[in-house]
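A short write-up of the structure that comes next.
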Amino acid sequence: MDLEKSWKDLGGDAEMPESWLRGRRWQTPSDLNPLARLKRNLRMNMGWGIIIAGLFLVVAVISPSWVVQLAMGLMFAWTAWGTYGSWKLIGTLRPEICHNCTLVSELQRQHDLIRRWMRSQERTAIFLYPVAVTGGFLLGGLTSSGLSLPQLMARTPMQVGLVISILVLTPLSWLLARWMNRKAFGTHLDALNQRILSLTGEA
Amino acid sequence: LIPLSEQQFLQHIRESQGIILRLVGLYAKDQEEKKDLCQEIIYQAWKGWPAFRGDSKFSTWLYRISLHTLLSYQRKRKPVHYAEDLEPFDQGIPEDVGRREEARMLHRAIRSLPEVDRALITMHLDGYDHAEIADIAGMTQNHVAVKLHRIRAKLSTLLNDI
């Protein structure tokens with residue numbers, strides 16, 4: 001078979017339905033664009049971050065206990081830090097491909113951006129969740145027992161409980177974040193990596 | 001009222017839509033994905049349109065964008081089922097039954113290649129020389145030559161098996 005001839009026979013004159021070009025749907029990225037999806041996720045993260053940070057602030061203001069105020073202040077700071085990180089990352093995410101770059105560099109750019117996003121999510125899990133666990137543990141203990149913080153923490157079961165909660169929940173949160181990242185972008189990341197290796201001759 | 005530059009852009013897209021459809025036809029799993037991929041390619045072209053100065057032909061520029069898009073999009077999470085119908089491409093396939101069957105066989109064989117190989121052989125069959133393919137893909141010319149040699153051999157085997 002003459003490959004070139006058969007290839008030419010494969011209908012270069014085909015037309016796409018006119019409805020695909022009508023309207024302005026083609027002026028927005030499709031659901032297949034991974035960076036647009038990341039951007040949407042980060043915007044949602046930011047939205048939730050702002051709401052949660054606001055709640056921490058409200059609790060801190062209305063609470064009479066300085067311990068709760070301190071815990072809420074810390075939670076607010078952590079959440080604000082995480083939200084700021086999302087905002088910074090959004091600025092670097094362009095769903096548009098680089099029109100003058102080579103295929104390898106474009107695939108590498110996308111790969112690096114997705115990895116960066118995954119790392120930021122895992123960092124958030126490892127730094128934010130222990131603080132959340134401590135805050136929740138103390139708040140629950142204080143409100144249910146009616147004791148002051150020194151009285152509460154003087155109890156050995158509470159000290160052990162707090163340490164165990166942090167030791168168990170922190171790695172668990174990190175693993176959960178990793179698992180969710182893999183589920184969302186793992187296959188795509190592997191595919192990108194495979195294509196890069198194939199193009200650079202390392203496959 | 002559609003702004004002039006948008007009109008010009010759509011005119012160019014209409015004139016070169018065969019490129020998009022032929023490339024998308026090698027990667028899309030079904031009609032829905034075909035539509036999404038066409039939308040994504042046109043979106044990417046639209047975003048790059050203000051920077052397009054006409055240094056190269058629009059079709060060459062669109063070709064590069066199409067390949068970049070097709071190799072960087074995220075597949076939907078569903079089982080891969082390559083439908084064998086060529087309905088959208090039938091308009092251009094010759095009446096001659098033998099040639100028509102050969103074109104179908106080639107299409108099927110290329111679709112069964114790994115994604116990067118599909119892009120390389122497509123560029124090659126569309127007349128791009130090794131230097132141009134190396135420039136678009138970011139590979140060395142030597143690597144392009146080696147890859148194309150292997151892909152052609154693989155295609156021959158596949159076409160004999162079909």
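Letters go in sequence order (proteins before strands), and every chain restarts at 1.
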If you tally heavy-atom pairs under 4.5 Å between each of B:His124, B:Lys35, B:Lys47 and chain A, the highest tally belongs to B:Lys35
Going by heavy atoms in the side chains, are B:Ile42 and A:Trp20 under 4.5 Å from each other? no
The interface call for B:Leu37 against chain A, heavy-atom contacts under 4.5 Å, is both
**Candidate pair A:Asp2 and B:Glu102, rule side chain to side chain contact (heavy atoms under 4.5 Å, CB included), full reasoning** = CA-CA 9 Å; A:Asp2 183 342; B:Glu102 284 189 349; over 6 Å; no
From the list B:Ile110, B:Ile65, B:Ile121, the residue making the most non-hydrogen contacts under 4.5 Å with chain A is B:Ile65
* To do: Decide if atom CH2 of A:Trp179 counts as having more than 12 heavy atoms of other residues, nucleotides or ligands within a radius under 6.0 Å.
  => no
Honestly, the part of A:Leu3 sitting under 4.5 Å from a heavy atom of chain B is both
Separation between CG (B:Asp117) and OG (A:Ser198), nearest 0.5 Å, reads 5.5 Å
Under a 4.5 Å heavy-atom criterion, the part of residues 90-108 of chain A in contact with chain B comprises A:Pro95, A:Glu96, A:Ile97, A:Cys98, A:His99, A:Asn100, A:Cys101, A:Thr102, A:Leu103, A:Val104, A:Glu106, A:Leu107
Output for pair (B:Ser72 OG, A:His111 NE2), nearest 0.5 Å, gives 13.0 Å
Applying a strict 4.5 Å limit to non-hydrogen atoms, the region of B:Ile136 in contact with chain A is backbone
Honestly, the part of B:Leu155 sitting under 4.5 Å from a heavy atom of chain A is side chain
Within the supplied structure, the quantity of interest is the number of heavy atoms (other residues, nucleotides, ligands) at a distance under 6.0 Å from B:Arg14 CZ; does it exceed 12?
yes
task: Output yes when B:Arg152 and A:Glu4 qualify as a salt bridge under the 4.0 Å nitrogen-oxygen rule, no when they do not.
output: yes
Residues passing the side-chain contact (heavy atoms from CB on, under 4.5 Å) test with B:Met139, sequence neighbours excluded, are A:Leu199, B:Leu120, B:Ala137, B:His143, B:Val144, B:Lys147
Fill in: Student check: side-chain heavy atoms of B:Arg99 and A:Lys5 closer than 4.5 Å
yes
Looking only at A:Leu35, A:Thr28, A:Leu192, the option with the highest number of non-hydrogen pairs under 4.5 Å against chain B is A:Thr28
Whatever's closer than 4.5 Å to a heavy atom in chain A on B:Thr122 counts as both
In terms of heavy-atom contacts, does CE of A:Met180 have more than 12 from other residues, nucleotides or ligands at under 6.0 Å? no
CZ/A:Arg109: more than 12 non-hydrogen atoms of other groups inside 6.0 Å: yes
Looking only at B:Asp126, B:Ile20, B:Thr140, the option with the highest number of non-hydrogen pairs under 4.5 Å against chain A is B:Asp126
Heavy-atom closest pair (A:Ser6 atom, B:Ala103 atom, distance to 0.1 Å) is O-CB, 3.8 Å
